[in-house]
Amino acid sequence: MSTELRSLAGSDSADHLRAWFGPERDNVPRFLSRDDCVTLAHNVMRAVRGDGLSRVNIVSDWTGEVRWARNRAYVTSDRRNHHIGITRAYKRGITVFLNQLDEISLADAVRRAENTAGWGGASSSFFAPSLPPVNFEYPETHIWSETTYAQPQNTRGAVARSLTEAAERNGMLSAGYLNVAARGTAIVDFRDISKFLYAPQTLAQCSMTVRDPNGLGSGWAGASSYDWSQFSPEKLAAVALEKCLKSRNPVAVEPGRYTVILEPQAVYSFVNTFMSHMNRVDAELPGAVFWSRMNAANIQGDRYPVSLSKLDERIIDDRVTIDHDPTDPALGVLPFSDEVLYVEPFRKTTWVERGVFQTFPYDRKYALQQVHENRGYPYSGSFRMSGGPTTVDEMIATTKRGLLVTRFSEMYEVDGLSMLYSGLTRDGIWLIENGKVSKSVKNFRFTESPLFVLNQIEQLGVPMPVFSPGFPAIVPPLKVKDFSMTSLSDAV
Amino acid sequence: MPFEPVKFIVIALLYYAAGMVGLSPELVAQRRVSADTHAVSQPRMFSAPSGEIHYTRLQRCQLEVTPVPDSLVADVMRRCLMHFSSDRVAPTDLPLLLRLALIAHDDSLVEAVIARQLRNLHTTSDQENAGIYGNAISAAYEVVPRRLDLVERYLKIVNTRWPGATRVRFDILWGRLVEELQSCTDTTLVTGDQILAGLQLLQTIAQSSGSEPSNSESAGLMEQVAGLKNFFTPFATFLNEGPEAGIHQLAALSNGSVVGKQMLPVTGQFRFASDSSVTTESVHEHPSLIILAAPGWGINPAKDGETKDACLGTEGFVRMLQRRFPTLSVTVVEPVVGVSWQTGELMTLQEESDFERNWLFNELKIRGTLLIDTVAYATLPGHDRRRIPGLSETQVRLFAGNLLNRNDEWAYRLKMFLVDASGRIVLDPSDMFSWHRLATSVVNRVISKTH
């Protein structure tokens, strides 16, 4: 097996691994290539002894970033790191993590994993901690951009400088973060090395907050993608500056229930928490979570009752569909879930279709045990929400009295059963009166649930990408009635 | 990479000569024996591909030797303890040092640690002083092999020097009784008289008017003895007077007990026998063990001898029972669930049945009958698609006869019935099998009744 794995690697890979530690490191690729990962896995495999399962997860990444505050850059960095997880499973499964590439360190990590995996009594209910790799079809995802990878450091600096200059010219203070990254993710299971998985990807993000020096206003804008060319930092800076200027000198208005127009970033906060609550195992406990029904049902007559969930029930507005296609160019994710135990490809999934709940996320183990299939529905963290034709200006024009919200922050769960959350509005909130934005208002604390929000939709806008680094999402702006703003906040 | 014995021995001698953690000839001999007889993986020389840095490493500290001999463990522990002294170790580490000294079979160090612990106490309290020996006795039970000689010696010391330490003496004697009944290494049978003698001793201690504990605590000890008597006296009667006298008392031990009831037939869609001598007739004419098992029941079988087998989980204990009582027939009923518990693969009924047959007979090496229990699955409609199992014939029958709890999930939790030759359930040993020696004695009494 060692020879076969070795044959997958190129002849230069061993040189690269040594060069990471030498004076030549600027000349080597910024993250481990497929060949490098194969060589590294080969070194791990040579150290493995005895029975049991073996797997290596490698994430090698490079990050180039600029961070600034008060119009001055204070961090610029070029970071490289490796996260190597070596899993050995005998009586139980153990994973040891390290970031060293040399053979001695790898062998030492294997030894630690083996020693720990062999300790303690074996469990008679031992279920293989790692299911064997199968012949899955892995989707072709759009996660690599040469533009992002090739962006030089001085370009990042120049961009950051131009963003701060715009704020400075207007007497405002800007703070922000600009980042480009590339990483190689590899998973190899030594039980079948022909199914060696490797995927390179790039990430780019830019977010910026502009504030009035007297603390009278704040604006924010951000974007993320795998491709740097898909967003314009200058436009983001302009949006953030405009919001800041328009949000100065806010006035206090009464808390209460308002019709709110939520920009996509605000909508994303709610929909993301809604998606993160989906858990199939909890849903099968009667009354435990929102997704479970209160009573169990007798399915097989004399057997103990079976708990049912809200699958196939309409739970939100019937204009809403939430799905994910990993081959969607705008929603690129790794083609496989990089879980240590149950690696499987992401697949085109519709979570909610026209308001009707379609499926939970679940892994292979659950699929084998409960559904008798060898493949689950892993959740990638990425999704697309359907929208409508209405623009934000149209929403404003049709609102007699309401609020326009940029985004939320500091959200925390108040009640899990109803998914009730509380948080603050942030970086721009305006009062709408008689179809026009009339004045900037002070921030509010809200207490709302995504279930209520997604059931009280009046209008939907055109979906657009939001700031969600690593987990791309496309959501529309929404106009929602009876949104509960419970108190005023002095936060800017 | 081929094993190069000459190079290996040369390097081993170099390390030994350099005074590093050495390789004694005994160790080398044991490794070789293990390698020859158990096909343990050989130590490998690591070498990088040609053209790169070439290095080798020894793995002697991490070598697999299966099983690890106690002498090797003691030897390694002695070398570790050379770096420690009972006078210089922090007081809070003394209990740990005592345990390590027991593993190393270094009785003089054990005595030195105990002496220092007693010096550190600065109290005349019987309870606290005796407690030092109580902790040492607990450690003596945990070391392998158990140091029963130390247990008896320290018990005499506690009884002589601190007779007022009633609580500690009670705990020591109760611990000794538990060890005797739970022992998986002591192959002698326990008698009813031994159990009653142990209980009587506990009662004597509890009734004694020592300075410690107080009268109220003495009442608590008496209550504890009463509870122990309630539980163990039926077993003592069973062992002394036979199943007829003892079975009703065992049945009264718990509400809903199945002891005393007639075992109902267990059936399956497929039946496998481990060898041709196992027939359906043999199941009914001899005392038998009926095991309702989950798929994948049991861990890898023991590779060593008979004494340790009993300590290796329930399946090891069953193997030991089969060796000791050849007429005890074993019937295992297992459901199939359509998934291999070991590889996570989907399996057909035939594939999974064959897999379980091989696992039980060839891997776990249990002799007897395997019944494969099947049910009809209902699939939930819509997007749920979960498979919900129905009831098998065996489950319906056992539920109706109140021999199985209706709330038991599918893919049985491990459940056992010890059945005598007349088909009457003598013991519901699912929980009792942690009391190895007691359960073995009960099985022997059931078998000896008929032979």
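FYI, side chains are in, hydrogens and waters are out, and symmetry mates aren't considered; it's all heavy atoms of this structure. Below, read A as the first sequence line, B as the second, and so on, with proteins coming before strands; counting in each chain starts at 1.
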Could you state the interatomic distance from NE2 (A:H372) to CE (B:M347), rounded to the nearest 0.5 Å?
10.5 Å

Could you state the interatomic distance from CZ (B:R387) to CD (A:Q369), rounded to the nearest 0.5 Å?
10.5 Å

Neighbour count above 12 (heavy atom, 6.0 Å) for B:E393 CD
no

Nearest 0.5 angstrom please: B:L346 CG to A:R375 CZ, how far?
13.5 Å

Is it true that, when you exclude B:R146 itself, more than 12 heavy atoms of the residues, nucleotides or ligands shown sit nearer than 6.0 Å to its CZ?
yes

How far apart are the closest heavy atoms of B:V339 and A:L368, and which atoms are they?
CG2-O, 3.1 Å

Checking B:D384 side chain against A:S309 main chain: does a donor-acceptor pair fall under 3.5 Å?
no

What residues of residues 350-362 of chain A make heavy-atom contacts with chain B at a cutoff under 4.5 angstrom?
A:Q358, A:Y362

For A:D318, give me all partners under side-chain hydrogen bond (donor to acceptor under 3.5 Å, both in side chains), at least two apart in sequence or on another chain.
none

